Each structure stands twice: as structure tokens, then as C-alpha cells.
Amino acid sequence: MNILGFICFGEHDSAACLVRDGEIIAATEEERYTRIKYDSSFPVHSIEFCLRKGGLKISDIDLVCYSWLKSDYQLHKKLIHMLKYFPQSLKLLKYRDAVSRKNDAENVFRDTFGYAGRFQHMNHHLCHAANVFYLSPFEQGSILSLDGMGDWASCWMGTGEKNQITPSKEVFWPHSLGNYYSALTQYLGFKMHSDEYKVMGLSAYGKDAYKKEFEDVLKIRPGGGYKLNLSYFNFHVGGKQKFSDKFADTFGAPATPGEKLSDRHADIACSAQKRLEEVVLNTADHLYENGGSENLMITGGVGLNCVANGRLLREGKFKNIFVGPSCHDSGTAVGAALLGYFSSGNKARGKIDASGYWGESFDDQRVETALNAKGLKPTRVDDIARTCAELLKDGKIIAWFQGRSEFGPRALGNRSFLANPTIKEMKEIINVKIKKREEFRPFAPSILREHMEAYFGEDYASPYMTLVFNIKDEKREELPAVVHVDGTCRVQSVSKEDNARYYELIEHFYKLTGTPVILNTSFNIQEPIVNTPEEAVACFLKTDVDYLAIHDYLVARNK
Ligand SMILES: [Fe+2]
């Protein structure tokens, strides 16, 4: 049974996924093809890739699942909202094009591909939930989906057991943690729906100086929910500026884009982040008390807040936490396809490839052609992992391109810039000279899985960089380039099963240096992560990166 899932026409993250008989065959995001970050257009390239990878024609597809319901869902709630905030709410009518495009997704799909088979609109949060539950190692557990808004809910709670997902409770928009964080992102002069992680990075530099104020902005509700004090916001009435004048009166003038941020801005980011963590912790604790499981699965865009996830793991009541590789909206394409499979008949869950390496791969011929086209003279090496480990030991920076591309915002060792994390200056060199991004932003370490306990005091897998850990005091000096200012690391643990070649590289580095860790950041500069060998070559040529390692080929700069 071939099922295609897709998402588009939201505010970001178009994607498609092919599931065959319960297995993920292919999944990718449209931005990788159009080269427009977070592209939300109809994912024609992603769907074509899925068909190509599966060796299918469109007539071979049994079911297509789209991860939004039609707009008449929760219609009464929408009408009440419009009336409650009338006449300011009239500004929300500008979104009706987006709404009608979602309603029309089926026609767009059928017209584009000449498809005549079954098509299903699916609940957005249920797709988020399916994306995390079916990829998780858990037979059963509680699910928490948090985002801006999906089918009028911003928070969805439920349980997964065997092959079934059951909803239990929702928090409805406009009370939204995603919109809360996006408004703050805009207030701090960053780009909404893309730069939220910058706020998270900045928060580590601040003090919790606005604790009381943010307790008034975001309130905890008895019973595990939360409520925004909407007088601080404008997003719920369609305002272009998502925070209100009251917000600016309380916290001071907003930052303009590109402005050098002050201690005040860092303190605001810190207090807002901490308040978000408190609310997530409280919500999860209630879920624990009512769910009867030790396992928690986190999904939805807010699930990208790895600082909150790490805190949940350390301070929350759940013993085990799983956040998959694709908790953002693109992941609902994967969830929709899986949900389409498991929701009909009583199908047993097999072992699903949860690696996130679901994208494009290329043969050596294509790589050689891409290198030759730019006049590059590669050396084919016998052991690329060992050779690169030696270069990393010597302080060289490597653009590393191997295997299938990752799904989601994190490079997990197939499309990465790699460097030596023991060199203090490395963070500044990569941030400023190569990635051309803000100095305060941290880099992530990739560590051999078996060394997690030795460095972070917790024998816990974190294969997707979705959890933040505190580094042990005695290890902090060893890894200056990947430890954030507050002593935390957004860790990727790597096992042989996750990624054999990447594991081998880190293992060689460990043998050479005694450090089982390398610095890993995504292979891109102010653009989506590179997808093809041609993009890898083009990106390499416009950087000061020392080497390009692509399959078994090694290219040195200026050679
Ligand atoms: Fe979502």
C-alpha cells in the first residue's frame, strides 16, 4: 500500500513523504529544491522526489493525505473569535486566501499530477502526533503537541498505544505558545517563523529579570493548560506587529532588525524562555498524572525548543522523553502518511526508519560531474573518515556530504560543516567568517553515544539534537567551541546504527585526540541546507572552509 503525505499552504514548511506498507521510503522538504527557506508553496518537487525514490507512477498511489482539515472545522469557535474581537478582527480576513488554498489543496494535487485516487484531509495535530508516536521506540505513551496553531488548536494532548492514537485534550488558539514565542522573536528584531532558535540562544546570556512580568503575560491554568494575557498581543486580531503597545510599554522599545542587542534584550529573552519552560513543565506534569505512562513524546513547532525539552527530561515527571527528527510542520507530511496507513485495518507496528535520513542521495558519477564542472581536482581516498579525522585534529574545517539528506532543520552528519570542538577560537571562526551569523549563537556537539554519561552525566540517546544537556564541570574546558555560555550543549549522540560513516569519523577523532566529540553545524550559508552535489560544491566555493569531503572524494581549498 503506497501512501503519500504532504503539507503546504501554511506559513512555512512544505514537505512530502512516501510510506509503503508502513515504512518510510522517502521524505523531504520543498525548501531543499526551491532554495527558499521554509518555503510553504505546493511541494511539487518533494512529491516528484518521493515518487522517483519509490519507483512509482502517480497511479500507483493508493491514498494521499494532507495534514490540514478543511476550514469549516471548528467553525463556531472561529465565528465566536471574530465576534469577540470585532471590529479589529476584520484584519484576520486577509488570511482567507491562505484558508481557501488549504481547502483547495486536493484540487491542486489532482490537477498537478493527474491523480484520480483517494484523498484525505487530516487533523493537523493528529498528524504531528502520528509523526512522533510511530517513530518513537515506545509501545505506549503520552503525546504533547505544541505549535502556533493547527486546525484552531495550539496544544494537543493524547496517548499512543500499539498502533492507535487517542486525543484527550486541546488548548485552542489564540492561547498559543508558538505565537507567544513568535511575537517575542519579532519584538527582539528577528524574523518570525524562522529565527525563534536565536531567541533561545540569546536567552542563555540573560538573567530572569522579568519573571513577574512574564507571569502576567503567560498564565498557568489549573489542570495543565495555559492562557495568554491577550492585552500584550496583536496577532489574534491580525496585527502585523504581533505584540501590543502594552508589551512595548512593559518591556521597553522593541529591537530593530540588525540592532546590536543589549543586556535588557537578553534578560527579556531569558525570562520569556523560562516562562515557556515552566508552562511546558506544568502541562507535561499534568499529562503524566492523567496518563499513567513513563513515556512522553513531544511534537509540534514548540518541540524545537530543545532547552525546554532538556529541562523536561531533568525536572519533569516522565522518565523517558522522545522528540523525533521532524517535530516542525514539515513532519506532519510524514505523520499524515503514517496515520493514513495505521488508521485503516489493524496493522501492526514494524520497525520504522526513524533516522530522519530520508532525502536525496547521489551516485559517484554525479559527484564527479559536479566537481569537474567547477574545475576542482578531487583526490579519491581509501578511508575518508580517518583522513577527515586527522584534518579535524589539525584544526581544519570540513564540509562533509554523505548519503541521504536529513529531513528537518538539523544537519545530523550527512550535510554538515565539521570542526574541532577543543579549539577555543573555532566558534568565532565559523560563526563570523563562515556561517556569517550572530556571535552569540552556539554550535552543537556530535558525541559517540557511549560517552554521553562521561560528558553529560546522563546515559541518554539524543540522536536529533532536540535535547539540551548540562556539560559536566570537569569537561567544560575540553570543549570550548560547543559549550554555550550557560554550560549547556544541544547534543547529537551518534551510534553506529544511526550513521555508520559519521560514527567512524568521530571514533577516529577520538582515537587521535582522546575527545569523542566533534563540532557539527549545517552545511549552508544563509540558505536551506545543501541538497545536491552541485549545491555542496557551490557553497564550498564561497566559504573559507578548508576541505570538501563528498562521498570518498576530498577537495582542498585552492587546489
Ligand atoms: Fe503545526
Side-chain angles (χ1 to χ4, degrees), residues 28-29 31-37 45 49 52-53 357 359-406 410-420 423 425-426 429-437 443 446 499-506 508-509 512 518-559:
T28 190
E29 296 165 280
E31 64 158 32
R32 304 295 167 94
Y33 297 89
T34 61
R35 311 307 296 159
I36 299 166
K37 261 192 161 188
H45 304 92
F49 160 68
R52 195 168 68 244
K53 194 75 186 169
Y357 303 114
E360 292 271 15
S361 59
F362 303 88
D363 59 20
D364 285 349
Q365 181 62 51
R366 173 81 177 258
V367 169
E368 283 183 18
T369 305
L371 293 167
N372 292 338
K374 294 292 177 187
L376 296 175
K377 302 274 182 287
T379 308
R380 192 169 178 126
V381 293
D382 289 337
D383 189 344
I384 193 84
R386 185 173 50 77
T387 305
C388 287
E390 284 166 1
L391 294 169
L392 290 172
K393 178 182 75 84
D394 294 338
K396 304 298 183 196
I397 301 171
I398 296 172
W400 174 260
F401 183 106
Q402 307 290 340
R404 295 184 74 172
S405 62
E406 300 91 341
R410 307 282 171 242
L412 300 173
N414 277 3
R415 303 285 189 278
S416 295
F417 288 138
L418 307 175
N420 185 332
I423 299 171
E425 301 73 31
M426 199 53 85
I429 292 170
I430 301 180
N431 254 342
V432 179
K433 291 192 183 162
I434 293 175
K435 298 277 282 190
K436 305 187 192 329
R437 60 185 216 177
F443 287 111
S446 295
N499 188 331
R501 182 166 274 204
Y502 192 44
Y503 181 92
E504 215 180 304
L505 169 71
I506 308 170
H508 279 300
F509 185 78
L512 290 166
I518 60 174
L519 180 156
N520 173 10
T521 186
S522 53
F523 190 163
N524 62 335
I525 298 170
Q526 312 282 333
E527 60 169 352
I529 298 174
V530 299
N531 202 26
T532 65
E534 293 77 14
E535 286 155 13
V537 169
C539 186
F540 170 67
L541 289 175
K542 66 180 179 190
T543 67
D544 289 327
V545 168
D546 301 300
Y547 286 88
L548 171 64
I550 178 164
H551 293 190
D552 289 328
Y553 302 94
L554 190 66
V555 183
R557 171 155 306 284
N558 299 328
K559 281 191 181 172

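Nothing here was measured: the structure is a model prediction, and the numbers come from that model. Below, all heavy atoms of this structure are taken into account, side chains as well, without hydrogens, waters or symmetry copies.
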CG (Asp394) with more than 12 external heavy atoms under 6.0 Å: yes
Roughly how far, to the nearest 0.5 Å, is the CZ atom of Arg404 from the CG atom of Asn499? 13.0 Å
Expected output: side-chain Asp552 to main-chain Arg380 donor-acceptor under 3.5 Å: no
Ile434 vs Phe417 side-chain heavy atoms within contact, under 4.5 Å: yes
Heavy-atom donor-acceptor pair, Arg366 side chain to Glu534 backbone, under 3.5 Å: no
Indicate yes or no for a side-chain donor-acceptor contact from Thr543 to the backbone of Val545 under 3.5 Å, with no hydrogens or angles considered. yes
So, do Glu390 and Arg386 sit near enough that their side-chain heavy atoms are less than 4.5 Å apart? yes
Only one of Arg410, Lys435, Arg415 passes side-chain hydrogen bond (donor to acceptor under 3.5 Å, both in side chains) with Ser522, and that residue is Lys435
Examine the side chains of Tyr502 and Asn414 and answer whether a donor and an acceptor come within less than 3.5 Å of each other. no
Which distance, rounded to the nearest 0.5 Å, do you find between the OG of Ser361 and the NE2 of His551? 7.5 Å
Side chains of Tyr33 and Glu360: donor-acceptor distance under 3.5 Å anywhere? yes
For the pair Gln526 (side chain) and Lys436 (backbone), establish whether a donor and an acceptor sit closer than 3.5 Å, ignoring hydrogens and angles. yes
Within-4.5 Å side-chain heavy-atom neighbours: Leu554 and Leu391: yes
Between Lys377 and Val555, is any pair of side-chain heavy atoms under 4.5 Å apart? no
Quick one: SG on Cys539 to CD1 on Ile525, what's the gap to the nearest 0.5 Å? 4.0 Å
Within-4.5 Å side-chain heavy-atom neighbours: Phe540 and Ile550: no
Can you find a heavy atom in the side chain of Glu368 that is under 4.5 Å from one in the side chain of Tyr553? yes
Rounding to 0.5 Å, atoms CE (Met426) and CD1 (Ile518) come to a distance of 11.5 Å
If you look at every heavy atom in Ile384 and Val381, which pair is closest and at what distance? CD1-CG2, 3.3 Å
Do side-chain atoms of Asn420 reach the backbone of Leu392 as a donor and acceptor pair under 3.5 angstrom? yes
Scanning both residues in full, the closest heavy-atom pair of Ala399 with Phe523 reads CB-CZ, 3.5 Å
Shortest non-hydrogen pair, Pro533 vs Phe401, comes out as N-CZ, 3.7 Å
Does any part of the side chain of Trp400, heavy atoms only, come nearer than 4.5 Å to the side chain of Leu548, both counted from C-beta? no
Can a donor-acceptor pair be found, under 3.5 Å and without considering hydrogens, that links the side chain of Glu527 to the backbone of Lys37? no
Where do Lys393 and Leu512 come nearest, in terms of heavy atoms and distance? CD-CB, 3.8 Å
Step by step, would you call Arg437 with Asn431 a side-chain contact (heavy atoms from CB on, under 4.5 Å)? CA-CA 5 Å; Arg437 60 185 216 177; Asn431 254 342; 2.5 Å; yes
Once rounded to the nearest 0.5 Å, what's the spacing between atom OG1 of Thr369 and atom CZ of Phe362? 12.0 Å
What distance separates Ile397 CD1 from Ile429 CD1, expressed to the nearest 0.5 Å? 5.5 Å
Using a 4.5 Å cut-off on heavy atoms from C-beta on, say whether the side chain of His508 contacts that of Asp383. yes
When Asn520, Leu519, Leu418 are each screened for side chain to side chain contact (heavy atoms under 4.5 Å, CB included) with Ser446, the one that passes is Asn520
Is any NZ, NE, NH1 or NH2 atom of the basic residue among Arg32 and Glu29 found under 4.0 Å from an Asp or Glu carboxylate oxygen of the other? yes
Mind listing the closest non-hydrogen atom pair of Arg35 and Ile529 along with its distance? NH1-O, 3.2 Å
Yes or no on side-chain contact (heavy atoms from CB on, under 4.5 Å) for Thr28 and Lys53, after CA distance, side-chain angles and deciding distance? CA-CA 11 Å; Thr28 190; Lys53 194 75 186 169; over 6 Å; no
